[in-house]
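What follows is one structure encoded as structure tokens, with my remarks underneath.
Reckoned from all heavy atoms, side chains included, excluding hydrogens, waters and symmetry mates. Bear in mind the structure is a predicted one, so any value in this text is a computation, not a measurement. Both counts, for ligands and for their atoms, begin at 1 and track the order of listing.
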Amino acid sequence: MPHLRSVTPRSPSAKFVSAEAEAQTKAKAKPVDLSGYTRVKQELVDPPFAPKHDQVAKGGPKIVEVELVTEERLITVDEDTGASIWALTYNGSVPGPLIIVHEGDYVELTLRNPENSIMEHNIDFHASTGALGGGGLTHVYPGEEAVLRWKATKPGVFTYHCAPGGAMIPYHVTHGMNGAVMVLPRDGLKDRDGNPLRYDSIAYIGEQDFYLPQDENGDYKTYEAAGDDYADSIDAMRTLVPTHSVFNGSVGALTGDHALRAKVGETVLMIHNQANRDSRPHLIGGHGEYVWEAGSFSDAPQTGLESWFIRGGSAGAALYTFQQPGVYAYVNHNLIEAALLGATAHFVVDGEWDNELMEQVVAPRATSV
Ligand SMILES: [Cu+2]
């Protein structure tokens, strides 16, 4: 097993990190008065689910405590080909868990790196302000933990990701180390006229581009431990051509038995995170009724979209109320990526068919002309 610290010595980023921490100490910043805030713990859950939360904030601003553990684990990306990766994760899942707070709340994160890890990790919250999104204040080596508190001043959905420095940044991000935070307006989501928009459930989808090394026969290589693929991965990443682009960590993670479920009349908020690469979600058979494409809830949502654009390095949200039963495919509408690289999820929707919206007038039959 290689010593990753020697593969990636304390690089320029590490110096940057110490400089950041030093700057904070030297500034002799005034202590913040948090006496008006109540403290709550948010239990994070595995994707595609969302933690328990209120859509409209109850009471005043809060300090929301969350915990992320950096877990390095072998996951199967595609059962059919045996493609696998030593994923770098927050709490074991790809994407990392969804965190939900309200504008004006604080997120107080404990980031823990277990002793049996091989690598150093940190976290950059795009929703936060300062110190490289917190990346400069959260570097944890195996056996260390750090606590970071940041104020959620921007309402929207935002990506977060590991950013240890240099080539390790894309290496960690393309090994699964990213997720999303949703900062709701205190009075909840609204349409362009300020009318409330509410959802019945959240489908949290993390799209992950993987660059898996292959041998001369085109078979996916396997490795003994996290980090052993470093040199091969960097070569594969340099092509900028992913071998996989999957939803929630693996091909089929959200199809078949794992499909998302909904009912006719149910309103689903689809949150799509892509920390590294552009995507263009489309709900086949439905629409983006209200879409915060770039993720900001400060702006009015767009309406009635067919496909929408998720910029690499961001999250976006789309609201839809299902009107027909059946299977809806939620895809990256680069259909090569959807069908060949894995970027497909399914919603299975129960309920009554509406002939007014669609009817098969003539079933396929032999043509008479
Ligand atoms: Cu990391």
Checklist entry - For the rings on His53 and His102, is their centre-to-centre separation under 6.0 Å? => result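 For His53 and His102, the ring centres are not under 6.0 Å apart.
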Checklist entry - Is any N, O or S atom of Cys162 under 2.8 Å away from the Cu ion (ligand 1)? => result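 Yes, since at least one N, O or S atom of Cys162 sits under 2.8 Å from the Cu ion (ligand 1).
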Item to check | Whether Met177 has an N, O or S atom under 2.8 Å from the Cu ion (ligand 1) | outcome: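 Looking at Met177, which is the residue asked about, there is an N, O or S atom under 2.8 Å from the Cu ion (ligand 1).
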Checklist entry - What atom name does the N, O or S atom of His121 nearest to the Cu ion (ligand 1) carry? => result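 Distance check against the Cu ion (ligand 1) picks out ND1 in His121.
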Item to check | His172: its N/O/S atom lying closest to the Cu ion (ligand 1) (atom name) | outcome: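 For His172, the N/O/S atom sitting closest to the Cu ion (ligand 1) is ND1.
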Item to check | Option among Glu120, Glu144, His121 that satisfies the side-chain hydrogen bond (donor to acceptor under 3.5 Å, both in side chains) test with His139 | outcome: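 It is Glu120, the one option of Glu120, Glu144, His121 that forms the side-chain hydrogen bond (donor to acceptor under 3.5 Å, both in side chains) with His139.
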Next on the checklist: Run Leu111 and Tyr90 through side chain to side chain contact (heavy atoms under 4.5 Å, CB included) and show every step you take.
Outcome noted: CA-CA 9 Å; Leu111 183 66; Tyr90 296 108; 3.9 Å; yes
Checklist entry - In terms of side-chain geometry, is the basic nitrogen of Arg186 or Glu103 positioned less than 4.0 Å from the acidic oxygen of its partner? => result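 A salt bridge is absent here (no side-chain N lies under 4.0 Å from a carboxylate O).
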